[in-house]
Visitor: 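Dropping a structure here in structure tokens format, bear with me for questions.
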2 protein chains.
Amino acid sequence: MKISTRGRYGLRMLIDLSCQQSDTPVTLASIAQRQDVSVSYLERIASDLKRAGYIYSIKGPQGGYHMAKDSKDIVVGDLLRLLEGDVRLTDNHVTHENPLQECIRESVYDVLNEKIEHLVDSITLDTFVNEYKSNI
Amino acid sequence: MKISTRGRYGLRMLIDLSCQQSDTPVTLASIAQRQDVSVSYLERIASDLKRAGYIYSIKGPQGGYHMAKDSKDIVVGDLLRLLEGDVRLTDNHVTHENPLQECIRESVYDVLNEKIEHLVDSITLDTFVNEYKSNI
DNA sequence: TCAAAACCTAGTAAAACGGTAGGTATTATG
DNA sequence: CATAATACCTACCGTTTTACTAGGTTTTGA
């Protein structure tokens with residue numbers, strides 16, 4: 001029941017990037033240094049974030065990354081679903097579930113999952129970005 | 001970000017046990033059969049639940065388990081903390097955290113964790129037991 | 001032409017997960 | 001008293017996931 005490093009580094013990368021208001025692209029190396037993460041590991045996460053349309057990249061010297069969306073349009077739940085697979089505490093309905101198990105799943109996990117999804121879907125990234133900026 | 005089988009089986013065991021209103025103790029074997037879990041694996045979970053005072057056991061033939069608490073006095077959050085370690089999505093403050101990381105932790109994870117803890121701490125087991133009973 | 005950057009793929013050590021095996025201790029019952 | 005049913009305990013183990021690293025290729029501004 002933990003967010004993995006993928007999710008944590010991804011969040012940190014986007015928050016960091018949102019706070020760098022420069023016209024020149026921000027390099028992975030600089031993000032990695034500020035966030036104390038290895039460049040090569042961050043590359044893979046950046047690749048996912050790019051494919052999903054959160055950031056865009058510019059290749060070559062002086063290249064780097066820019067945000068592709070405003071942080072107030074980024075739903076934290078969507079981000080976690082991308083980086084963590086999903087935000088549910090249990091996998092969905094499995095086969096060979098007997099009626100008792102099904103009842104427990106419905107009455108326990110579906111309730112918890114729904115509340116957690118509602119929670120993360122009601123928070124946008126700018127909440128964190130603003131908090132972060134005000135504390136720098 | 002998943003509840004492991006420990007947490008799931010433990011919850012199922014307590015809900016199952018709460019629904020067996022018999023005067024005679026309920027054997028692990030019968031719970032294991034109803035819940036489709038191996039007896040030996042459930043033993044270890046039962047051991048934790050017993051040590052924490054959720055259930056008590058009677059040894060020997062005709063022995064088994066009883067609930068030691070009313071399900072309305074069992075907070076789901078406490079149960080998950082026992083079985084899963086904790087319910088936080090991130091580990092607590094780690095050493096070698098730089099100021100930027102600390103700020104992100106405080107503005108992101110502490111907010112999320114607090115909400116999730118509040119959620120699971122506001123639900124007691126009887127919610128699920130009642131739902132379960134009404135569907136049998 | 002060079003070097004800085006993004007981008008890509010395969011591999012890998014360690015940890016966690018999800019158990020199983022094989023016992024011991026206790027005690028109700030015939 | 002013997003037996004069997006039950007809780008209880010410890011060590012081990014195969015698989016999957018995690019969290020990377022290594023070592024490249026591609027693109028492009030200066």
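In this text, all values refer to a predicted model and were calculated from it rather than measured experimentally. Lettering follows sequence order; numbering is per chain, from 1.
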Visitor: Is it true that L49(B) and V75(B) fall in one hydrophobic cluster, defined by side-chain heavy atoms closer than 4.5 Å?
Guide: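 No.
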Visitor: From CD1 of I45(A) over to C1' of dA6(C), roughly how many Å is that when rounded to an integer?
Guide: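 Going from CD1 in I45(A) over to C1' in dA6(C) covers 15 Å.
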Visitor: Just how far, in rounded Å, is C1' of dA5(C) from CD1 of I31(A)?
Guide: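 Computing the I31(A):CD1 to dA5(C):C1' distance gives 13 Å.
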Visitor: Scan residues 50-66 of chain B for pairs that pass salt bridge (charged side-chain N to carboxylate O under 4.0 Å, His left out), counting only residues two or more places apart or in two chains.
Guide: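 Listed once each, the pairs are D48(B)-R51(B).
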Visitor: Answer yes when D121(A) and R81(A) have at least one side-chain N-carboxylate O distance shorter than 4.0 Å, and no when they do not.
Guide: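 The answer is yes: the pair qualifies as a salt bridge.
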Visitor: Does anything in residues 46-59 of chain A reach DNA chain C, meaning a heavy atom under 4.0 Å, and if so which residues?
Guide: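 Correct list: K50(A), S57(A), I58(A), K59(A).
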Visitor: Between P on dT6(D) and NE2 on H66(B), what's the gap in Å once rounded to a whole number?
Guide: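 Distance, rounded to whole Å: 13 Å.
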Visitor: Taking only nitrogen or oxygen atoms into account, show me every contact under 3.5 Å that the protein makes with nucleotides 19-24 of chain C, one pair per line with its distance.
Guide:
residue : atom : partner : partner atom : Å
dG19(C) : OP2  : Y9(B)   : OH           : 3.0
dG19(C) : O6   : R44(B)  : NH1          : 3.1
dT20(C) : OP2  : S38(B)  : OG           : 2.8

Visitor: Assess whether a salt bridge exists between D126(A) and K133(A), defined as any Lys/Arg side-chain N lying under 4.0 Å from an Asp/Glu carboxylate O.
Guide: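 The answer is no: the pair does not qualify as a salt bridge.
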Visitor: Looking only at side-chain N and O atoms, does T5(B) offer a donor or acceptor that is under 3.5 Å from a partner on Y41(B)?
Guide: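 Yes.
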Visitor: Please tell me which of R8(B) and G60(B) maps to the more 5' nucleotide of DNA chain C, matching each residue to the nucleotide holding its nearest heavy atom.
Guide: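 Upstream on the strand: R8(B).
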Visitor: Closest nucleotide of DNA chain D for Q62(A) versus for R6(A): which of these residues is on the 5' side?
Guide: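 Nearest nucleotide further toward 5': that of R6(A).
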Visitor: Rounded to whole angstroms, how far apart are CE on M13(B) and C1' on dA7(D)?
Guide: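 Atom CE in M13(B) sits about 11 Å away from atom C1' in dA7(D).
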Visitor: Whole angstrom is fine here: how far is it from CG in L42(A) over to P in dA19(D)?
Guide: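 Value for this atom pair: 14 Å.
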Visitor: Is it the case that the side chains of T90(B) and N113(B) hold a donor-acceptor pair, with the cut-off being a distance below 3.5 Å and no angle test?
Guide: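 Present: a donor and an acceptor within the cut-off.
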Visitor: Do the ring planes of H66(B) and Y56(B) sit parallel (below 30°), tilted (30 to 60°) or perpendicular (above 60°)?
Guide: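 H66(B) and Y56(B): tilted rings.
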